Visitor: 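Here it is, the structure, as structure tokens.
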Amino acid sequence: MGTLASLISALASGEAIAAMRRARTAAIVYGLAAVPALCGLGFLLGAGYIWAADRYGSMAACLGFAAGFLVLAGLILLIHQLAAGTRARRRARRRNADLKALGITAALAVLPSLLKGKGGKELVLGPIIALVAYAIYKENVKPRPGDPDGDAE
């Protein structure tokens with residue numbers, strides 16, 4: 001079991017280091033590209049303001065640009081709030097799947113040593129029977145209205 005843990009940790013740490021290198025390189029490249037892009041956006045905004053000031057007057061152009069940016073900020077915050085629930089549900093599903101995979105992996109790693117010990121088959125069959133019984137129960141019980149995961153408990 002110690003070799004399995006060391007193998008998993010070696011794979012995880014090696015992959016984590018590679019992912020960190022890729023993320024650092026991407027952040028540097030995007031940061032370098034963002035500087036000229038922001039300068040270009042600044043000049044576009046300046047040109048738009050000059051055009052609007054010539055056409056509508058400087059006060060109207062200033063008020064129009066201010067209102068436009070405030071509306072844009074409000075829309076961004078509104079979209080972020082609306083998407084927060086979806087992100088939370090996605091994180092919960094991912095966390096549940098990860099915990100389930102971790103539990104299965106741990107159970108499979110311990111299974112050979114349980115089968116070799118005293119009462120090994122009885123120790124293994126008890127939880128398996130409980131899991132099968134719960135799966136049958138869950139399959140045959142109708143979910144209550146408004147129950148998000150369909151579990152009638």
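This structure is a prediction, so every number in the text was calculated from the model and none was measured. Along the sequence shown, residues carry numbers from 1.
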Visitor: Rounded to the nearest 0.5 Å, what separation is found between the OG1 atom of Thr105 and the NZ atom of Lys100?
Guide: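 Going from the OG1 atom of Thr105 to the NZ atom of Lys100 covers 12.5 Å.
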Visitor: First locate atom CD1 of Ile50, then atom CZ of Arg55, and finally report the distance between them rounded to the nearest 0.5 Å.
Guide: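 These two atoms lie 16.0 Å from each other.
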Visitor: What's the shortest heavy-atom distance between Ala61 and Ala53, and which atoms?
Guide: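 In terms of heavy atoms, the two residues are closest at CB-N, 3.6 Å.
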Visitor: ring-ring contact (aromatic ring centres under 6.0 Å, His included) with Phe69: which residues, sequence neighbours excluded?
Guide: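 For Phe69, no residue satisfies ring-ring contact (aromatic ring centres under 6.0 Å, His included) once neighbours in sequence are set aside.
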Visitor: Who else is in the cluster with Val71 when I, L, V, M, F, W and Y are joined by side-chain contacts under 4.5 Å?
Guide: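 Val71 shares its hydrophobic cluster with Leu75.
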Visitor: Considering residues at least two apart in sequence or located in another chain, which fulfil the salt bridge (Lys or Arg N to Asp or Glu O under 4.0 Å) criterion with Arg22?
Guide: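 Once residues adjacent in sequence are excluded, the partners of Arg22 under the salt bridge (Lys or Arg N to Asp or Glu O under 4.0 Å) criterion are Glu15.
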Visitor: In the hydrophobic cluster built from side-chain contacts under 4.5 Å, what are the other members alongside Leu78?
Guide: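 Reading the cluster by chain and number, Leu78 sits alongside Leu82.
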Visitor: What distance separates Cys39 SG from Leu44 CG, expressed to the nearest 0.5 Å?
Guide: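 Answer rounded to 0.5 Å: 11.5 Å.
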Visitor: Sequence neighbours excluded, which residues qualify as ring-ring contact (aromatic ring centres under 6.0 Å, His included) partners of Tyr49?
Guide: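 Per chain and number, Tyr49 pairs via ring-ring contact (aromatic ring centres under 6.0 Å, His included) with Phe65.
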Visitor: Mind checking side-chain hydrogen bond (donor to acceptor under 3.5 Å, both in side chains) for Arg87 and listing every partner two or more places apart, or none if nothing turns up?
Guide: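 Residues passing side-chain hydrogen bond (donor to acceptor under 3.5 Å, both in side chains) with Arg87: His80.
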